[in-house]
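One structure is given below, encoded as structure tokens.
Quick note: numbers below take in every heavy atom, side chains included, and nothing from hydrogens, waters or symmetry partners.
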Amino acid sequence: MSRQALEGLKVVEVGNIVAGPWCGSMLADFGARVIKVEPPKTGDLMRGMGRIKNLWFAVEGRNKQNVTLNLKTEQGKKMLWQLIEDADVLIENFRPGVFRKLGFTWEEIHRRNPRLIYTVASGYGQTGPYAPRPGFDRMGLALGGFLEVTGYPDTPPVKPGISVADFYTAMFSCMAVMFAIYDRDVNGSGEGQMIDCALTESVLRLQESIIAEYSYDGTIRTRIGNGTTVTVPSGHFLTKDDKYVALSITGDKLYRDCMHQIDRQDLIDHPDYQTTIDRAAHREEINAEFAKWARAHTLKECLDILGEGIPACPIYNVADIMEDPQFAARDDIVEVETEQFGKIKMQNVCPKMLGTPGEIKWPGQPLGKFNKDVFGGLLGYTDEQLAQFAEDGVI
């Protein structure tokens with residue numbers, strides 16, 4: 001097996017669903033030892049989410065050593081402290097104040113393990129007037145400005161079909177962990193630090209030049225449908241066979257090439273369509289002309305005519321993804337053996353690293369699967385003690 005980038009890194013993950021745990025998933029994919037702490041009986045809420053119980057957890061719980069601890073018991077708190085005291089990273093995404101009330105303050109964590117990097121995710125961050133509020137993906141998208149620019153002007157804002165704010169927050173958290181590790185181990189500070197990630201701020205950072213535009217001339221960007229203000233024509237165009245072709249044309253050359261391919265020299269020569277700014281001002285009418293052309297052709301005809309030089313593609317559903325040769329060529333979908341579901345397919349590790357690649361060693365496991373390995377093998381508790389802890393509701 002190839003060497004992995006994060007071999008030897010010990011991570012303790014205490015959290016639910018996505019915004020915290022997906023940070024742990026990425027670290028685990030690249031070789032970190034991630035010990036995931038779940039409450040006994042219920043486990044991570046992700047286990048019960050989705051159409052099929054435990055299936056989502058099989059994907060996002062992969063490569064983790066999941067254990068159970070009741071943090072409302074003194075013994076449970078003691079055992080979590082034992083895990084934290086020699087860890088490199090602690091991941092947590094309780095509602096702000098909950099972890100502190102359990103006795104796990106940053107000050108005490110840092111005192112006990114000065115090298116530990118503690119990353120916490122929440123809806124609004126650990127400070128400010130909104131900090132105590134419960135925050136979920138939709139709240140992050142709403143307050144961070146994402147929903148205002150998603151959808152059509154005459155319809156309500158549209159939420160994406162996946163948890164975008166949660167996933168981006170976890171990704172920013174993972175990046176920050178690596179920044180902190182670099183400072184600690186490469187720059188040589190030797191010190192851990194606390195990382196405060198918020199759903200609202202993760203979404204806010206994605207907002208292109210929206211803030212700058214408003215500060216410059218008071219413009220409030222809002223929903224304009226599937227087009228954009230910088231790529232014309234662009235959007236999702238219905239074809240003759242009732243499928244959709246996605247198109248995104250940027251710059252003068254691509255615009256001329258696209259219009260040449262669809263035999264619309266008149267749209268190249270039109271005096272109002274000569275620059276990107278000109279075309280943005282006439283976005284709707286140019287998009288309408290392309291829409292007429294697309295509707296007169298099948299999806300295959302559209303793609304054949306546009307050719308490989310024009311940024312256009314079909315809009316895929318999951319069945320299309322599974323059959324696509326590009327994803328197959330890059331091993332983007334892999335088959336994994338599970339205890340509950342048999343063989344299932346899931347997304348492979350991303351990104352691809354040629355020197356220290358990630359790997360799926362095992363899928364998300366049943367609740368408490370690694371209790372003996374971690375509490376016995378790592379912390380030194382005997383089988384008798386673990387049996388007593390189970391009886392007492394600690395694990």
Side-chain angles (χ1 to χ4, degrees), residues 13-29 36 44-51 55-57 59-62 89-99 118-152 155-180 194-214 220-226 228 318 346-347 350-351 364:
E13 177 194 302
V14 186
N16 266 305
I17 314 178
V18 183
W22 204 57
C23 174
S25 297
M26 288 186 284
L27 297 173
D29 277 353
K36 177 176 180 59
D44 189 320
L45 293 177
M46 185 186 292
R47 290 181 179 274
M49 297 179 73
R51 191 172 56 84
L55 191 58
W56 191 9
F57 188 83
V59 178
E60 302 304 352
R62 69 193 193 189
V89 180
L90 172 64
I91 300 169
E92 178 256 307
N93 68 320
F94 291 123
R95 185 171 169 175
V98 171
F99 207 45
Y118 171 35
T119 182
V120 55
S122 62
Y124 307 97
Q126 301 299 300
T127 60
Y130 301 165
R133 297 180 181 179
F136 297 97
D137 182 78
R138 192 182 299 269
M139 280 69 251
L141 294 170
L143 206 67
F146 190 102
L147 295 185
E148 176 60 29
V149 297
T150 306
Y152 288 86
T155 63
V158 176
K159 183 189 179 302
I162 58 173
S163 303
V164 171
D166 282 333
F167 280 113
Y168 266 110
T169 301
M171 192 175 296
F172 279 125
S173 177
C174 187
M175 290 166 56
V177 165
M178 301 316 298
F179 297 157
M194 182 176 176
I195 300 163
D196 181 2
C197 293
L199 272 65
T200 49
E201 291 169 352
S202 299
V203 172
L204 184 66
R205 184 60 185 90
L206 305 178
Q207 295 300 298
E208 298 180 348
S209 61
I210 287 177
I211 302 292
E213 292 168 22
Y214 180 73
I220 297 175
R221 200 190 299 185
T222 188
R223 299 180 296 289
I224 60 171
N226 283 321
T228 76
V318 66
M346 65 178 68
Q347 306 94 312
C350 181

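Minimum interatomic distance between Met26 and Cys174 (heavy atoms only, all atoms of both residues): CE-CB, 3.5 Å. Nearest heavy atom pair, residue Gly128 against residue Pro132, reads O-CD, 4.3 Å. Between Ile195 and Val177, the shortest heavy-atom contact is CD1-N, 3.7 Å. Heavy atoms only, all atoms of each residue included: Asn93 and Gly20 are closest at ND2-N, 3.4 Å. Gly151 and Val158 get closest at one heavy-atom pair: CA-CG2, 3.9 Å. Minimum interatomic distance between Cys197 and Thr169 (heavy atoms only, all atoms of both residues): CB-CG2, 3.9 Å.
With rounding to the nearest 0.5 angstrom, the CZ atom of Arg205 is 14.5 Å from the OG1 atom of Thr200. To the nearest 0.5 Å, atom CG of residue Asp166 and atom CG of residue Leu199 are 5.0 Å apart. Separating the CG atom in Asp44 from the CD atom in Glu13 is a distance of 7.5 Å, to the nearest 0.5 Å. Atom CH2 of Trp22 and atom CE of Met171 lie 4.0 Å apart (nearest 0.5 Å). A distance of 4.0 Å separates CD of Glu213 from CZ of Arg221, quoted to the nearest 0.5 Å. Here the straight-line distance linking atom CE of Met139 with atom OH of Tyr124 works out to 6.0 Å at 0.5 Å rounding.
No more than 12 heavy atoms of other residues, nucleotides or ligands lie within 6.0 Å of OH in Tyr168, so this atom counts as exposed by the packing criterion. The 12-atom threshold is not exceeded at OH of Tyr130, counting heavy atoms of other residues, nucleotides or ligands nearer than 6.0 Å.
Side chains of Asp196 and Glu201 form no contact here, defined as non-hydrogen atoms less than 4.5 Å apart. A heavy-atom distance below 4.5 Å is found between the side chains of Met178 and Leu27. Val120 has its side chain out of reach of Phe94: every pair of non-hydrogen atoms, C-beta onward, lies at least 4.5 Å apart.
Arg223 places a side-chain N or O within donor-acceptor distance of the main-chain N or O of Thr155, the cut-off being under 3.5 Å. In terms of modelled atom types and a separation under 3.5 Å, the side chain of Ser25 and the main chain of Glu60 share a donor-acceptor contact.
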Quick one: do Ile91 and Lys36 satisfy side chain to side chain contact (heavy atoms under 4.5 Å, CB included)? Show the steps, please. CA-CA 9 Å; Ile91 300 169; Lys36 177 176 180 59; over 6 Å; no
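Screening residues 119-138 for salt bridge (Lys or Arg N to Asp or Glu O under 4.0 Å) gives Asp137-Lys159 as the qualifying pairs, with residues at least two apart or on separate chains.
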